[in-house]
Amino acid sequence: MRWSNLFIPTLREDPAHAEAASHRLLLRGGFVRQLAAGHYSILPLGQRVRAKIDRIIREEMDAIGGQQLHLPALHPAEVWKKSGRWEAMGEEMFRLQDRKGMDQCLGMTHEEVIAILAGEVSSYRDLPQIWYQIQTKFRDEPRPKSGVLRVREFTMKDSYSLDVDGSGLDVAFDLHHQAYVAIFHRCGLQALDVVASSGAMGGSESVEFMVASPAGEDWIVTCDGCDYRANLERAESVIPQVDDGPSLGETELLPTPGIRTIRALAEAHPDRAGPRRQIKTLVYVVDGQLTLVLLRGDHELLEQKLVDTLGVANLRPAAPDEIRAALGADPGSLGAVGVEHLPVIADRALVGRRNLVTGANRNDWHLSSVDVERDLTVGQWADLRGISAGEGCPQCGGVLDVWRGIEVGHIFKLGERYARAMGAMVQNEQGDIKPIVMGSYGIGVERTMAAIVEFSHDDRGIVWPVSVAPYEVVVTVLRTDDPGTMAAGERLYSELKDLGVEPVLDDRPLRPGVKFTDAELIGIPYRITVGPRGLASGKVELTTRGDLSTVELAMDDAAPTVAELIRTELERLS
RNA sequence: CGGGCUGUGGCGCAGCUUGGCAGCGCGCCUGCUUUGGGAGCAGGAGGUCGUCGGUUCAAAUCCGACCAGCCCGACCA
């Protein structure tokens, strides 16, 4: 293509309101434009990148036996009511009515639709199956942000595996795991597979693929000594035991006028109520049931862990009046001692502790010398706290690090839930009728594009890996008004095409600086500079975008040299 | 949904405090010169100042409501 015919609206200045590197550079480089918050037009350059990612995904999905299909984006409410998610999805689902007043929604994912199709499979002989689609999903995000990283309308590859039993699902899950590793490697990304929570989808095993970036929205925990890696929502750690000393006897009432916080209590009684000696008592409403949640005073509750532990959909902190009605005191003076009428769930860091301080369920009073085993009725012990950097690795005792990541892919085992709901049953070898066992596997396509930019850019612009670059090489012609120079550029361009590479010919009658800056901004991996000065001695220049290194080449060698570099680079990324 | 901030030619911004011709830089169009890292000169096009209402002789500017967008938090397969 000739650059002069292309629509590549680069911006000279950084756009206002774009913080994340990928947002800023994709806008400046003319890859995307915002239509509304969370809705982006993908411009020709962006579309070329997207198409390459799309192709890589399809090749790897096909390699594990996946079959692409195309599903409706608009679904009748019936489908979602049947699985129970019409209510469960809440406000995040775009809903509308047709002219007859029938409820409809825009699909945010396609488990239900797939399970309906899976109903046509009736024998184990027809399994396993892997079906995938690459289509637009809609989610009414409360807060779209960071360009195409968090949007309301986006392309997602999602695949679904259908198996007759759990071991079949394990195989499909592992196949996807391998495929995802291959996909992200080919995209030039370092994506780490981490143990994750499966969230509201419901499922067992769950692995996320994360790319490190300050624009990410997830916290990832890794160990410096071993391969332990987990989403913060699932991460555990080893912390030093607290020595509580010998028992001090019965609990005692401790007057604490005006004290409502862990810190204030610790300052008032540093000898016996340091944060690690306190029990933090939180009150949640879990599916309508008031529940006490206990943690060590200096620990934070990680709500997702509570959700996962209890396996519930609806959970919220209790309101002050609900708390007062149930416990007779306000937040800041709460405790679980003597509470028998409400369920109590406690973090494992409290196991076996004694001589602790907690609220007395009476404003301005606490209880001291609390012995967890003796004085509390804990219905359930669980890992509930958010861990911090520097704590010990649960696998090897090494030091844990916590960093931000972008979730580019997520694979998890759904089990029988959707097949049961939608009636997708098969007969197994024994003739029993069983629900199909499903897995679900997603990749955000535009988000992957943005993650690549986050991962691979410098102060001049994007540095695309060859495998996803919109063009592989730009032939920059200086002095387009000089027939000899222009002809040389044209010749190089067609030689490159003949060698199977994807060149773009920068034939714009602009000053060199503008053309160099644009090429670097949009991140074409290689640039061949053709100018009268070099041509006088039969030379052109080859510049590599990554390190900006430049070498002189004989005009005749340029195209084959670049073709070979690209081939090598694609090989490395395969 | 809570907190902070912003809406003025395509992009980036000033003007608003103290009401009085709608400006600057870049980009765009025409011509000439120039051409190896964002050229020069000359001429030109382009704006319901987010929307609606109010105050006023007069509103980009003051007041009110609303809308949109950005950032933080909450939320989020």
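In the text below, chain A, chain B and the rest are named by the order of the sequence lines, each starting its count at 1. Note that the coordinates shown come from a computational prediction; the quantities given were computed from them, not determined experimentally. Keep in mind that the numbers below use all heavy atoms, side chains included, and drop hydrogens, waters and symmetry copies.
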I want to verify a distance call: between B:rG36, B:rC72, B:rG69, whose nearest atom is closest to the A:E541 side chain?
B:rG36

Using the side-chain heavy atoms of A:P532, tell me which of these nucleotides is nearest: B:rG73, B:rG36, B:rC71.
B:rG36

What's the closest nucleotide to the side chain of A:R533 if the choices are B:rG36, B:rC72, B:rG69?
B:rG36

Can you tell me how far the CZ atom of A:R58 sits from the CD1 atom of A:I53, to the nearest 0.5 Å?
12.5 Å

Is the ring pair A:H75/A:H110 parallel, tilted or perpendicular, if the boundaries are 30 and 60 degrees?
perpendicular

Taking NZ, NE, NH1 and NH2 as the nitrogens, is one of them in A:K539 or A:D556 under 4.0 Å from a carboxylate oxygen of the other?
no

Between A:Y40 and A:Q34: side-chain donor-acceptor atoms closer than 3.5 Å:
yes

Rounded to whole angstrom, note down the P distance from B:rG46 over to B:rG7.
25 Å

If you measure from the P atom in B:rA39 to the same atom in B:rC26, how many Å do you get, rounded?
11 Å

In whole angstrom, give the distance that lies between atom CG of A:D481 and atom P of B:rU33.
11 Å

Assigned partner base of B:rG20, Watson-Crick or wobble definition, under 3.5 Å:
B:rC57

Does a nitrogen or oxygen in the side chain of A:R12 sit under 4.0 Å from OP1 or OP2 of B:rC26?
no

Distance in angstrom units between A:D14 CG and B:rC13 C1', rounded:
14 Å

Take A:I220 and A:V402, measure what side-chain contact (heavy atoms from CB on, under 4.5 Å) needs, and give me the verdict at the end.
CA-CA 5 Å; A:I220 306 305; A:V402 180; over 6 Å; no

Does this structure show an ion pair linking A:D458 with A:R545, if we count only N-O contacts that are shorter than 4.0 Å?
yes

Exam field: side chain A:R527 to backbone A:T543, donor-acceptor pair closer than 3.5 Å
no

B:rG12 C1' sits how many Å from A:R28 CZ, rounded?
11 Å

Rounded P spacing from B:rG69 to B:rU51 in Å
16 Å

Please report the distance separating the C1' of B:rG4 from the corresponding atom of B:rC11, rounded so that it comes out in whole Å.
25 Å

Side chain of A:D518, heavy atoms from C-beta onward: which of B:rG36, B:rG69, B:rG38 has the nearest atom to it?
B:rG38

Quote, to the nearest angstrom, the C1' distance that separates B:rA74 from B:rG38.
44 Å

Base B:rG73 paired with A:R143 side chain (donor-acceptor, <3.5 Å)
yes

In Watson-Crick or G-U wobble terms, both distances under 3.5 Å, what is the partner of B:rC70?
B:rG4

My understanding is that a pair needs two contacts under 3.5 Å, Watson-Crick or G-U wobble. By that rule, which nucleotide pairs with B:rU34?
none

On a whole-Å scale, what distance lies between the P atoms belonging to B:rC41 and B:rG27?
12 Å

Any side-chain N or O of A:K515 below 4.0 angstrom from OP1/OP2 of B:rG36?
no

Given B:rG36, B:rG38, B:rG37, the nucleotide with the shortest approach to the side chain of A:L478
B:rG36

How close or far is atom P of B:rA74 from atom CD of A:E300, stated in whole angstroms?
11 Å

In whole angstroms, how far is the P atom of B:rG25 from the CG atom of A:L11?
20 Å

Between A:R511 and A:H23, the residue closer to the 5' end of RNA chain B by nearest nucleotide is A:R511

Which pairs pass ring-ring contact (aromatic ring centres under 6.0 Å, His included) with one or both residues in residues 1-27 of chain A, sequence neighbours excluded?
none

Atom CZ of A:R24 and atom P of B:rC11: how far apart are they, to the nearest Å?
18 Å

Going by purine N1 to pyrimidine N3 plus the second Watson-Crick contact, or the G-U wobble pair, all under 3.5 Å, which nucleotide sits opposite B:rC28?
B:rG44

Would you indicate which nucleotide in B:rU6, B:rC75, B:rG25 comes nearest to any side-chain atom of A:P142?
B:rC75

Presence of A:Q34 side-chain N/O under 4.0 Å of B:rC70 phosphate oxygens OP1/OP2:
yes

Please measure how far the P atom in B:rA42 lies from the corresponding atom in B:rG25, and state the result in whole Å.
12 Å

Roughly how many Å apart are B:rC71 and B:rU33, using the P atom of each and rounding to a whole number?
48 Å

Quick check: on RNA chain B, is the nucleotide nearest A:K145 upstream (toward 5') of the one nearest A:G442, or the reverse? Name the residue that is more 5'.
A:K145

Euclidean distance, atom CD of residue A:E141 to atom P of B:rA74 [Å, nearest integer]:
14 Å

Is the base of B:rG38 touched by the side chain of A:E13 through a donor-acceptor pair closer than 3.5 angstrom?
no

Can you tell me how far P of B:rC1 sits from CG of A:D140, to the nearest Å?
11 Å

Per atom distances to the A:H17 side chain, the nearest of B:rC11, B:rC71, B:rG69 is B:rG69

